[in-house]
Enquirer: 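Questions regarding the structure given below will be posed in turn.
By convention here, the first residue in the shown sequence is residue 1. Values below: all heavy atoms of this structure, side chains included; hydrogens, waters and symmetry mates excluded.
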Amino acid sequence: MIARIAPAKLTGTVPAIASKSVAHRAVIAAALANGTTHIICNTVCDDIEATIGCLVALGARFETVADGFIVHPIPKSQEHGILRALAGSVLDCRESGSTLRFMLPVACALGADATFTGSARLAERPLAPLDAELIAAGCELSGIGAFPLAARGRMRPGRFELPGDVSSQYISGLMLACPLLGQPCEIRVTGRIESKPYIAITLQTLAAFGVRVEVEHEIVSDVEATRYFLDGSPYRTPGEFAVEGDWSNAAFWLCAGAMGTHHITVTGLSLASSQGDRAIMAALSRFGARIRRGTGTATAQPDHLVGFTLSAGDVPDLVPVLSAVASVAQGRTIIRDCKRLRLKESDRLATTTQELAALGAHIHIAGNDLVIEGLDELQGGTVDAHNDHRIAMMAAIAATRCAGTVEIHGAEAVRKSYPLFFEHYRLLGGQVELIEG
């Protein structure tokens, strides 16, 4: 699909969609709980549908209701006295890294005889050292680095060790799996933890489903470590769980407000959220935008934007759209600590640089950093989404500061996280024509 966007400023109010990060964790916990759970979730996307499909393959049942889902958990096995997967299940993770990295340890904890499939790009994204920890715990994994990926055997409880500079999804995946083992477990993470706010979301979800986790910090021989202790408590349904609004996708509209001529307000957001991408408010304020916070709302409006230096270590998903803001901010912006962007749906260091440059931005890569020299406006042109939802949305937001038309090829990539993106774009006054084919 091609999205053809004519120059137009955005303004108005738009509702936040459901947080993809929270929804992944909530539907998994509900499928592993001791009873039915009502998940209140105002929107779904391809990635959440992938996780739900995997859970259904393992025996859970989902009923769609007006405000979300009724989740009937995976049946208990009378023979083993544990939640157990259906033998021979095929789990299609599509293009979702979260789905694979969460469901692989969960399947191993269930003792599933399961086969994982997904897109070619997902197969290229790393699993090490999570795979080594699962093998050391008694599981057999075959086909690592490609699909199909087969998992056999049941994971033993005990101690798991991971470095902090790998994907936080590995840590969250182990946390989601450990309550199924029926005995205490420890996850020890050494060094600074990348994308730590995502672990906070996992801990918050586990607590809502009755799973107790104690966290300790230690320094041994000048090496920092974080230890997560799970006491063996099982998942227990809270009856009802509401998925909060998504800051990662709200960030696109708030950035458009900062880059435009009028304010944009996003409703349905928790200002006390554990989501790391809530930091978009602080980042835009540093650029010089005017930020307002209300009850469940966030508003950004333009002012004199000036570049600065920031770290992407905890907020890698914000880098594409913050780069769009930087491209029209006076002076130089440096976004550091972008190494993990190379392992996303596309190599986002490369694709952010390539596609903003195609629109006229002055941007280049320096090691693992992005360096952007701001301009008064961009030119417009043709970009490729590279099958990456955040690149497609970045280009659409950049189009609001382009002198000419922007064409986004592969614009259907937004369905991965935000199927309503172009509908909401028009709601805010955007001029977009969608051309199938």
Enquirer: Rounded at 0.5 Å granularity, tell me how far CG in Leu378 sits from SG in Cys402.
Expert: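 Result: 4.5 Å between the selected atoms.
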Enquirer: If you take all heavy atoms of Leu254 and Ile280, which pair is closest and at what distance?
Expert: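 Taking Leu254 first and Ile280 second, the nearest heavy atoms are CD1-CG2, 4.0 Å.
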Enquirer: Less than 4.0 angstrom from a charged side-chain N to a carboxylate O is my criterion; do Asp376 and Arg401 meet it?
Expert: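 No.
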Enquirer: What heavy-atom pair brings Ala392 and Ala385 nearest, and what distance separates the two atoms?
Expert: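 So the two residues come closest at CB-CB, 3.8 Å.
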Enquirer: Could you tell me whether Glu214 and Arg227 have a side-chain N and a carboxylate O separated by less than 4.0 Å?
Expert: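 Judged by the 4.0 Å cut-off on N to carboxylate O distance, Glu214 and Arg227 do not form a salt bridge.
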Enquirer: In sequence, state the C-alpha distance, the side-chain angles, and the governing distance for Asp369 and Leu349, and then conclude on side-chain contact (heavy atoms from CB on, under 4.5 Å).
Expert: CA-CA 8 Å; Asp369 303 338; Leu349 263 182; over 6 Å; no
Enquirer: Is the side chain of Glu240 donor-acceptor paired with the backbone N or O of Pro238 at a distance under 3.5 Å, no angle test?
Expert: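 Looks like no, no N/O pair under 3.5 Å.
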Enquirer: What's the separation between atom CZ in Phe69 and atom OG1 in Thr36, rounded to the nearest 0.5 Å?
Expert: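 Rounded to the nearest 0.5 Å, the CZ-OG1 separation comes out at 15.0 Å.
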Enquirer: Any idea which heavy atoms bring Leu122 and Gly97 closest together, and the distance?
Expert: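 Result for this residue pair: CD1-CA, 3.6 Å.
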Enquirer: For Thr237, run the side-chain contact (heavy atoms from CB on, under 4.5 Å) check against Asn34, Val71, Leu32 and tell me which one passes.
Expert: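 Among the candidates, only Asn34 passes.
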Enquirer: Using only heavy-atom distances, determine whether the side chains of Arg25 and Thr202 contain a donor-acceptor pair under 3.5 Å.
Expert: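 Present: a donor and an acceptor within the cut-off.
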Enquirer: Before you tell me yes or no, could you show the steps for Arg348 and Asp388 under salt bridge (charged side-chain N to carboxylate O under 4.0 Å, His left out), namely the whole-Å CA-CA distance, both residues' side-chain angles and the distance that decides it to 0.1 Å?
Expert: CA-CA 9 Å; Arg348 284 189 188 149; Asp388 190 328; 2.8 Å; yes
Enquirer: Taking only Lys NZ, Arg NE, NH1 and NH2, and the carboxylate oxygens of Asp or Glu, determine whether Asp314 and Arg192 approach each other closer than 4.0 Å.
Expert: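 Looking at Arg192 together with Asp314, the answer is yes, because their closest N to O distance falls below 4.0 Å.
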Enquirer: Taking atom types as modelled, find out whether Asp131 and Tyr170 have a side-chain donor-acceptor pair closer than 3.5 angstrom.
Expert: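 There is no such pair (donor and acceptor under 3.5 Å, judged by atom type) between the side chains of Asp131 and Tyr170.
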Enquirer: Please assess His386 against Gln354 for the test side-chain contact (heavy atoms from CB on, under 4.5 Å), listing each intermediate value before the final yes or no.
Expert: CA-CA 11 Å; His386 297 274; Gln354 177 181 329; 3.7 Å; yes
Enquirer: Answer with yes or no whether the side chains of Thr190 and Glu224 bring together a donor and an acceptor at under 3.5 Å.
Expert: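 Short answer, no.
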Enquirer: May I have the step-by-step check of side-chain contact (heavy atoms from CB on, under 4.5 Å) for Ile2 and Ile408, ending in yes or no?
Expert: CA-CA 5 Å; Ile2 297 172; Ile408 305 169; over 6 Å; no
Enquirer: Less than 4.0 angstrom from a charged side-chain N to a carboxylate O is my criterion; do Asp165 and Arg340 meet it?
Expert: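 No, Asp165 and Arg340 are not salt-bridged.
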Enquirer: Please find the pair of heavy atoms, one from Ile264 and one from Thr11, that lie closest to each other, and give the distance.
Expert: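 Reported closest heavy-atom pair: CG1-CA, 3.8 Å.
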Enquirer: At what distance, to the nearest 0.5 angstrom, does OG of Ser19 lie from CG of Asn249?
Expert: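 Answer rounded to 0.5 Å: 9.0 Å.
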Enquirer: Main chain of Arg4, side chain of Glu433: is a donor-acceptor contact present, judged purely on distance under 3.5 Å?
Expert: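 Not a single qualifying donor-acceptor pair exists.
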Enquirer: If you count the non-hydrogen atoms of other residues, nucleotides and ligands that lie under 6.0 Å from NE2 in His72, is the total more than 12?
Expert: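 Yes, enclosed.
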Enquirer: Is the side chain of Lys416 donor-acceptor paired with the backbone N or O of Glu95 at a distance under 3.5 Å, no angle test?
Expert: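 Present.
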Enquirer: Under 4.0 Å between a Lys/Arg side-chain N and an Asp/Glu carboxylate O for Arg415 and Glu412?
Expert: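 A salt bridge is absent here (no side-chain N lies under 4.0 Å from a carboxylate O).
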Enquirer: What pairs of donor and acceptor atoms, side-chain ones from residues 298-308 against any protein atom, are under 3.5 angstrom apart with sequence neighbours left out?
Expert:
| from | atom 1 | to | atom 2 | distance (Å) |
| --- | --- | --- | --- | --- |
| Thr299 | OG1 | Thr265 | OG1 | 2.7 |
| Gln301 | OE1 | Arg292 | NH1 | 2.4 |
| His304 | NE2 | Gln330 | OE1 | 2.7 |

Enquirer: When the ring centroid of Tyr418 is compared with that of His424, is the distance short of 6.0 Å?
Expert: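 So the answer is yes for these two rings.
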Enquirer: Relative to each other, are the rings of Phe209 and Tyr235 parallel, tilted or perpendicular (30° and 60° limits)?
Expert: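 The arrangement is perpendicular - the two ring planes meet at more than 60°.
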Enquirer: Nearest 0.5 Å please: distance from the OG1 atom of Thr309 over to the CZ atom of Arg336.
Expert: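 Thr309 atom OG1 to Arg336 atom CZ measures 5.5 Å (nearest 0.5 Å).
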Enquirer: For Asp317 and Arg390, what are the C-alpha separation, side-chain angles and deciding distance, and is it a salt bridge (charged side-chain N to carboxylate O under 4.0 Å, His left out)?
Expert: CA-CA 8 Å; Asp317 287 343; Arg390 299 201 188 279; 3.8 Å; yes
Enquirer: If you define the side chain from C-beta out and look only at heavy atoms, does anything of Tyr425 sit under 4.5 Å from Phe252?
Expert: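 With C-beta onward as the side chain, the pair stays apart.
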Enquirer: Looking at Gly118, is its backbone amide N or carbonyl O close enough to the side chain of Arg94 to form a donor-acceptor pair, meaning the two atoms are under 3.5 Å apart?
Expert: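 No; zero donor-acceptor contacts below 3.5 Å.
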Enquirer: Is there a donor in the side chain of Ser195 and an acceptor in the side chain of Ser168, or the other way round, less than 3.5 Å apart?
Expert: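 Their side chains do not contain a donor-acceptor pair, so the 3.5 Å distance test is not met.
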Enquirer: Can any side-chain N or O of Glu161 pair as donor or acceptor with the backbone N or O of Arg188 at less than 3.5 Å?
Expert: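 It does not hold such a pair.
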Enquirer: Can you find a pair of side-chain heavy atoms, one from Ile397 and one from Met259, that are under 4.5 Å apart?
Expert: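 SC-SC contact between Ile397 and Met259 confirmed.
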Enquirer: Distance-only, no hydrogens or angles: does the Thr51 side chain make a donor-acceptor pair with backbone N or O of Ile48 under 3.5 Å?
Expert: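 No; zero donor-acceptor contacts below 3.5 Å.
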Enquirer: Is there a donor-acceptor contact under 3.5 Å linking the side chains of Asp46 and His389?
Expert: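 On atom types as modelled, these side chains do not qualify, holding no pair under 3.5 Å.
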Enquirer: Can you tell me how far apart CG (Leu100) and SG (Cys54) are? Round to the nearest 0.5 Å.
Expert: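 Rounded to the nearest 0.5 Å, the CG-SG separation comes out at 8.5 Å.
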Enquirer: Val27 and Leu55: side-chain contact (heavy atoms from CB on, under 4.5 Å), yes or no, with the steps?
Expert: CA-CA 8 Å; Val27 296; Leu55 294 166; 4.0 Å; yes
Enquirer: Ion pair present between Glu63 and Arg61, side-chain N to carboxylate O less than 4.0 angstrom?
Expert: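 The answer is yes: the pair qualifies as a salt bridge.
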Enquirer: Looking at every heavy atom in both Ala18 and Thr43, which two are closest together, and how far apart are they?
Expert: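 Nearest heavy atoms, Ala18 then Thr43: N-OG1, 2.9 Å.
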Enquirer: With no hydrogens and no angle check, is any side-chain donor or acceptor of Ser311 less than 3.5 Å from a backbone partner on Asp337?
Expert: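 A pair under 3.5 Å: no.
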Enquirer: Counting distance only, does the side-chain N/O of Ser285 pair as donor-acceptor with the main-chain N or O of Met281 below 3.5 Å?
Expert: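 It does not hold such a pair.
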Enquirer: Do side-chain atoms of Thr37 reach the backbone of Ile39 as a donor and acceptor pair under 3.5 angstrom?
Expert: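 Such a contact is absent between Thr37 side chain and Ile39 backbone.
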Enquirer: Distance check, rounded to the nearest 0.5 Å: Leu341 atom CG versus Asn368 atom CG?
Expert: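 Answer for the CG-CG pair, Leu341 versus Asn368, is 9.5 Å.
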Enquirer: According to side-chain contact (heavy atoms from CB on, under 4.5 Å), who are the partners of Ala208, at least two apart in sequence or on a separate chain?
Expert: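 Phe241.
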Enquirer: Within the side chain of Ser89, is there an N or O that forms a donor-acceptor pair under 3.5 Å with the backbone of Ala57?
Expert: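 Flag set: sc Ser89 to bb Ala57 pair under 3.5 Å.
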Enquirer: Does a donor on one side chain sit under 3.5 Å from an acceptor on the other, for Ser96 and Thr99?
Expert: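 Yes, a side-chain donor-acceptor pair sits under 3.5 Å.
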Enquirer: Between Arg278 and Leu271, which heavy-atom pair has the shortest distance, and what is it?
Expert: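 The pair with the smallest heavy-atom distance is NH1-O, 3.1 Å.
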Enquirer: Does a side chain donor of either Gln169 or Ser98 reach within less than 3.5 Å of an acceptor in the other side chain?
Expert: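 Yes, Ser98 and Gln169 have a side-chain donor paired with an acceptor closer than 3.5 Å.
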Enquirer: Determine whether the side chains of Asn387 and Glu345 contain a donor N or O and an acceptor N or O closer than 3.5 Å.
Expert: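 Short answer, no.
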